[in-house]
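The structure presented is a predicted model; accordingly, all values stated were derived computationally and were not measured.
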Amino acid sequence: MYGKAFAPEYQGALTTLSVNSSLTDVLAAGTEQLRAAERAGARAEAARSGLAVAEAHRRLGQVTDADRAWKASYRTAREAGDGAAMAWALWSGGTLARQRGAFPLAWRLLRLAADLGGRAGDVVVRGYSLAGMAETGRIQGDYAAVTALHEQLLAEARKRGEARHTVWALEGIAQIHRNTGAYDSAYAMFEEAAEIAAGAEDRRGHAWALRGLADIVSVRDGDTERALELLSEAETSCRAMKLSGALAYNHKMRGNVLYRAGRYEQAREVYAGALAEFEAMSEPRGTALSRLGLVKSLARLGRDGAETAAELDELAGLLERIGLRHAHRMVEQARTELGLTTGTGETEAAR
């Protein structure tokens with residue numbers, strides 16, 4: 001039913017690159033082809049090579065270089081009069097904006113990309129841009145607004161037999177189910193995503209699906225060792241492809257699993273490592289979530305309640321500014337879990 005996964009963001013002379021190509025290899029090939037196209041005055045080719053460069057930088061966590069590259073790709077595509085290439089550049093910019101926590105900008109760029117892709121007749125970039133909008137809303141916790149869009153995109157991907165997009169949509173809907181407590185449904189969808197990704201040789205999608213399965217196995221079943229095994233398997237793919245962001249989120253999930261198991265010292269170490277990874281790539285959402293895990297671990301290890309509450313207050317304000325509704329609710333749950341219900345360090349017992 002599903003063919004081999006492919007990477008439509010690798011275009012022009014770079015279509016031979018695999019969805020599983022190491023990002024350092026993509027960056028090297030994209031940079032070489034970009035320079036060759038610029039020397040030849042081939043603007044359309046330069047724009048499409050620049051897209052691969054932008055995406056490699058983004059996924060490697062090199063946000064400044066990624067920002068420079070997608071904008072250059074867009075300008076070159078506009079000069080070439082290539083509407084589809086302009087749309088792809090806007091998609092890359094919108095995806096980067098979401099990664100950096102700039103959600104209003106992400107919405108604007110992705111909406112522009114979807115509209116421009118539709119006018120240019122490129123159904124793939126239009127679909128990717130709509131998917132980006134859906135993912136932005138899901139990450140913000142606005143499930144009511146984007147669940148239907150996820151389901152629409154899943155149906156379209158299944159109809160066309162697009163493995164990579166089917167896996168993405170399944171994982172997105174599964175995450176919504178997981179965050180709303182429907183663990184069995186979430187598990188089934190992550191499991192299907194993992195099977196499709198494996199069959200289509202989509203190592204990135206497979207790694208994310210394994211991370212989702214590990215989360216459910218941990219929170220629903222309490223099977224810590226199985227969850228850690230799944231995360232280790234996913235980590236192998238992340239490291240092979242140099243997926244810096246995915247690897248950091250894998251480590252953050254490992255911290256979650258260890259914390260749930262009461263292994264607080266190990267969780268503290270893992271959260272601290274994930275925090276450093278996210279800070280290195282200027283990824284505010286992952287940074288905030290890792291800080292939250294670290295705060296909870298330190299509290300379990302005996303940290304002063306007032307200090308814990310003060311940091312939770314700071315995190316709550318940060319997440320409010322970023323616009324992460326679900327993560328903000330997680331801070332409130334942490335306060336309750338730790339007995340810091342007033343947000344001032346005063347516990348229920350003290351009251």
field: Listed once per pair and sorted, the salt bridge (Lys or Arg N to Asp or Glu O under 4.0 Å) pairs that draw on residues 3-31, sequence neighbours left out
entry: K4-E201, E9-R59, E9-R164
- line: residues 278-290 vs salt bridge (Lys or Arg N to Asp or Glu O under 4.0 Å), sequence neighbours excluded, gives none
field: Set of residues satisfying side chain to side chain contact (heavy atoms under 4.5 Å, CB included) with respect to E265, sequence neighbours excluded
entry: R268, E269, L301
Residue pairs passing the salt bridge (Lys or Arg N to Asp or Glu O under 4.0 Å) test where at least one lies in residues 142-154, sequence neighbours excluded: none
query: For residues 133-155, which residue pairs qualify under ring pair (Phe, Tyr, Trp, His ring centres under 6.0 Å), counting only residues two or more places apart or in two chains?
result: H150-W168
Residue pairs involving residues 219-240 (criterion ring pair (Phe, Tyr, Trp, His ring centres under 6.0 Å); sequence neighbours excluded): none
task: Taking side chain to side chain contact (heavy atoms under 4.5 Å, CB included) as the test, write out the residues that go with A56, two or more places apart.
output: V26, L27
field: Pairwise salt bridge (Lys or Arg N to Asp or Glu O under 4.0 Å) hits with a residue in residues 117-130, at least two apart
entry: none
- prompt: Sequence neighbours excluded, which residues qualify as side chain to side chain contact (heavy atoms under 4.5 Å, CB included) partners of Q333?
  reply: M330
Ring pair (Phe, Tyr, Trp, His ring centres under 6.0 Å) contacts touching residues 266-307 (sequence neighbours left out): Y249-F278
- request: Provide the full list of ring pair (Phe, Tyr, Trp, His ring centres under 6.0 Å) pairs with a residue in residues 77-122, sequence neighbours left out, each pair given once.
  value: W88-W91, W88-Y128, W91-Y128
- request: Apply side chain to side chain contact (heavy atoms under 4.5 Å, CB included) to R321 and list each qualifying residue two or more places apart in sequence or on a separate chain.
  value: L318
NZ/NE/NH1/NH2 to OD/OE distance under 4.0 Å, E55 and R58: yes
